[in-house]
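In what follows, a structure is listed as structure tokens, so that the remarks can point back to it.
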There are 2 protein chains.
Amino acid sequence: MSVQASAALFRPVRAGNAFEETVERLLQAVRLGVVEAGGRLPPERELSERLGVSRVTVREAIRALSDAGYVESRRGRYGGTFVNAVLPPKPAGDGVIDAEELQDVLCLRHVLETGTAEQAAMRSLMPDERRHLKDALTEASVADLDDYRRRDARLHLAIAESSGSTSLTSAVADVRMRVDALLDRIPLLQPNLDHSNTQHATIVDAILGGDPATARQAMAEHTEGTASLLRGFLR
Amino acid sequence: MSVQASAALFRPVRAGNAFEETVERLLQAVRLGVVEAGGRLPPERELSERLGVSRVTVREAIRALSDAGYVESRRGRYGGTFVNAVLPPKPAGDGVIDAEELQDVLCLRHVLETGTAEQAAMRSLMPDERRHLKDALTEASVADLDDYRRRDARLHLAIAESSGSTSLTSAVADVRMRVDALLDRIPLLQPNLDHSNTQHATIVDAILGGDPATARQAMAEHTEGTASLLRGFLR
DNA sequence: CTTTAAAGGACCGCCCACGGCCCATTAACC
DNA sequence: GGTTAATGGGCCGTGGGCGGTCCTTTAAAG
């Protein structure tokens with residue numbers, strides 16, 4: 001039995017307790033911009049059902065996010081839990097980063113993102129999917145430094161959705177959270193942002209034009225850009 | 001908020017209770033050939049620690065696998081839990097397959113497997129990694145119809161390991177379990193098997209030769225083969 | 001102004017899972 | 001042949017998470 005394979009298979013069955021995992025999932029929705037600023041989360045009862053977790057646990061998780069300044073709850077009909085316009089700054093984290101973790105997440109991201117771009121370009125997208133992609137691209141292109149991370153994530157998720165595989169979309173969201181945790185430790189510069197926007201346009205054009213090879217290639221260059229940024233700053 | 005993205009993010013936080021997930025994980029190790037026939041699982045105490053689950057739960061899971069005929073436990077020093085030489089036939093499952101699930105898993109598999117093959121070919125493998133790959137290839141090529149599924153899975157896992165990313169390896173193992181559940185419903189024919197062996201050799205050669213493009217292309221053709229098989233039988 | 005429905009807020013009893021501990025068994029070693 | 005260490009087997013008290021139920025608040029609808 002290979003030691004690496006067994007390490008991959010005998011990893012922990014759960015990343016944390018129900019509360020922690022629920023917090024993490026809701027954080028994904030907020031941080032990746034799936035629920036936009038000012039937007040409302042699904043009602044607690046619905047979240048409870050969809051996340052497969054008791055409502056008590058959902059409430060505790062929401063309470064934690066509320067205390068941290070991410071969301072705010074309002075009672076009464078037409079109430080709910082709303083995403084704050086301005087998100088709290090994230091803790092810088094410890095300076096040391098595991099080189100193996102970096103290699104792992106960057107490799108995974110490369111595979112997933114180039115794969116979604118290619119798959120998206122291979123499908124014949126519905127009109128609403130095409131519009132959704134274009135909208136996400138536009139919103140990312142006009143974002144300022146503060147909003148950029150969320151809108152960028154939202155665009156990459158839109159591309160993943162265009163692949164037509166929910167499992168792929170989930171995987172992209174998960175790896176994006178890991179990448180974001182790393183990106184929090186390096187500065188975001190305007191030139192990088194401009195360059196990203198150009199690449200985004202190329203990728204979306206290729207997808208909408210049904211050109212898988214170009215979509216993959218463009219996405220590869222795009223992820224390689226942030227990858228080398230991370231490698232440079234963290235090593 | 002896109003309905004697809006929220007479906008991906010607000011999916012259940014846990015696939016089942018601790019017992020069920022532990023059974024699933026141990027089944028992976030057995031069914032995917034990570035622990036070969038006659039081989040010994042790690043001791044219960046170690047499994048408990050690595051899986052992040054209490055020893056009671058591990059024991060209940062092992063008991064379930066034992067009852068199902070997958071493994072056998074022996075007490076005393078140098079005892080342990082051993083994988084049976086002949087695995088029980090799997091239940092056929094219900095005839096109806098969700099078309100969306102099929103599309104989802106095949107798309108995910110294509111992206112992951114072609115990605116791992118490419119990444120593996122891009123790395124400079126250590127001598128023991130190269131040997132491991134060759135061994136897995138040889139064992140798959142000499143397998144008979146009964147053993148083929150396990151050895152094939154083992155080879156694909158070996159390729160995934162060669163990518164150097166444990167996350168990727170885990171993802172490949174997970175999607176392989178889903179694919180296997182589908183493959184159980186269609187017959188395995190010798191011609192398909194021969195064709196697979198030829199493709200396996202091409203893939204491994206490309207990886208060992210450091211040719212990412214060929215590795216990806218060969219793996220793409222390989223997965224497309226089983227994909228069209230599945231689509232044909234199940235639709 | 002009253003009604004109503006939908007949302008958050010709070011509590012209770014139950015059970016699964018955990019940690020910890022000790023027992024029983026077995027093959028190697030001296 | 002006794003000793004030893006590693007392994008599976010089993011038990012018990014505790015706590016987290018669950019399902020269920022009811023209360024409170026709120027804005028739209030009438």
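These values consider heavy atoms only, across backbone and side chains, with no hydrogens, waters or symmetry-generated copies. Throughout, protein chains are lettered first and strands after them, A, B, ... in sequence-line order, and every chain is numbered starting at 1.
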Do E101(A) and R178(A) pass the salt bridge (Lys or Arg N to Asp or Glu O under 4.0 Å) test, and can you show the C-alpha distance, the side-chain angles, and the key distance before you say yes or no?
CA-CA 10 Å; E101(A) 154 74 6; R178(A) 291 173 65 186; 3.0 Å; yes
Report the distance from atom CG of L125(B) to atom CD1 of I207(B), rounding to the nearest 0.5 Å.
7.5 Å
Among all residues two or more places apart in sequence or in another chain, which pass the side-chain hydrogen bond (donor to acceptor under 3.5 Å, both in side chains) test with T226(A)?
R109(A)
Output the rounded distance in Å from CZ (F82(B)) to C1' (dA27(C)).
12 Å
Heavy-atom distance under 4.5 Å between the side chains of V53(A) and F19(A), does that happen here?
no
By side-chain hydrogen bond (donor to acceptor under 3.5 Å, both in side chains) - contacts of D174(B) (at least two apart):
R11(A), Q28(B)
What's the CZ-P distance between R74(A) and dG9(C), to the nearest Å?
12 Å
Nearest heavy-atom pair of G38(A) and F82(A): which atoms, and what distance?
O-CD2, 3.8 Å
Which residues satisfy the side-chain hydrogen bond (donor to acceptor under 3.5 Å, both in side chains) test with R63(B), sequence neighbours excluded?
D67(B)
Of all residues at least two apart in sequence or in a different chain, which pass the side-chain hydrogen bond (donor to acceptor under 3.5 Å, both in side chains) check with T22(A)?
none
Does R55(A) make a side-chain N or O approach to OP1 or OP2 of dG8(C) shorter than 4.0 Å?
no
End axis versus end axis in the helix from dC1(C)-dG30(D) to dC30(C)-dG1(D), the angle rounded to 10°, five pairs used at each terminus
10°
Residues from residues 20-28 of chain A sitting under 4.0 Å of DNA chain C, heavy atoms only?
none
Note: chain A reaches DNA chain D at heavy-atom distances under 4.0 Å over the stretch, first to last nt, 5' to 3', of dG17(D) to dA28(D)
Please list, for nucleotides 23-26 of chain C, all pairs of protein and nucleotide N/O atoms separated by less than 3.5 Å.
from	atom 1	to	atom 2	distance (Å)
dA24(C)	O4'	R75(B)	NH2	3.3
dA24(C)	N3	R75(B)	NH2	3.1
dT25(C)	O2	G76(B)	N	3.3
dT26(C)	O2	R77(B)	N	2.8

Contact under 4.0 Å: S73(A) side-chain N or O vs dA7(C) OP1/OP2
no
Would you kindly check if the NZ (Lys) or CZ (Arg) of R185(A) is within the cone defined by 45 degrees around the ring axis of F233(A) and under 6.0 Å from the six-membered ring centre?
no
Pull out every residue in residues 57-66 of chain B that has a heavy atom closer than 4.0 Å to any atom of DNA chain D, ordered by number, or say none.
R59(B)
Tell me which of V53(B) and P43(A) sits closer to the 5' end of DNA chain C, going by the nucleotide each one is nearest to.
P43(A)
Carefully, step by step, assess R25(A) and E21(A) under the rule salt bridge (Lys or Arg N to Asp or Glu O under 4.0 Å).
CA-CA 6 Å; R25(A) 201 61 76 72; E21(A) 290 195 37; 5.5 Å; no
Among pairs that include at least one residue of residues 33-73 of chain A, which meet ring pair (Phe, Tyr, Trp, His ring centres under 6.0 Å), considering only residues two or more places apart or in two chains?
none
Give the table of side-chain donor-acceptor pairs shorter than 3.5 Å for residues 128-136 of chain A, with sequence neighbours excluded, one pair per line with atom names and distance.
from	atom 1	to	atom 2	distance (Å)
E129(A)	OE1	M126(A)	N	2.8
R130(A)	NH2	L208(A)	O	3.2
H132(A)	NE2	R154(A)	NH2	3.2

Consider salt bridge (charged side-chain N to carboxylate O under 4.0 Å, His left out). Of E44(B), E49(B), E60(B), which one does R55(B) pass it with?
E44(B)
Pair listing, ring pair (Phe, Tyr, Trp, His ring centres under 6.0 Å) test, anchored in residues 145-177 of chain B, at least two apart
H156(B)-H200(B), H156(B)-H222(B)
In sequence, state the C-alpha distance, the side-chain angles, and the governing distance for S141(A) and N197(A), and then conclude on side chain to side chain donor-acceptor pair (under 3.5 Å).
CA-CA 6 Å; S141(A) 68; N197(A) 279 329; 5.5 Å; no
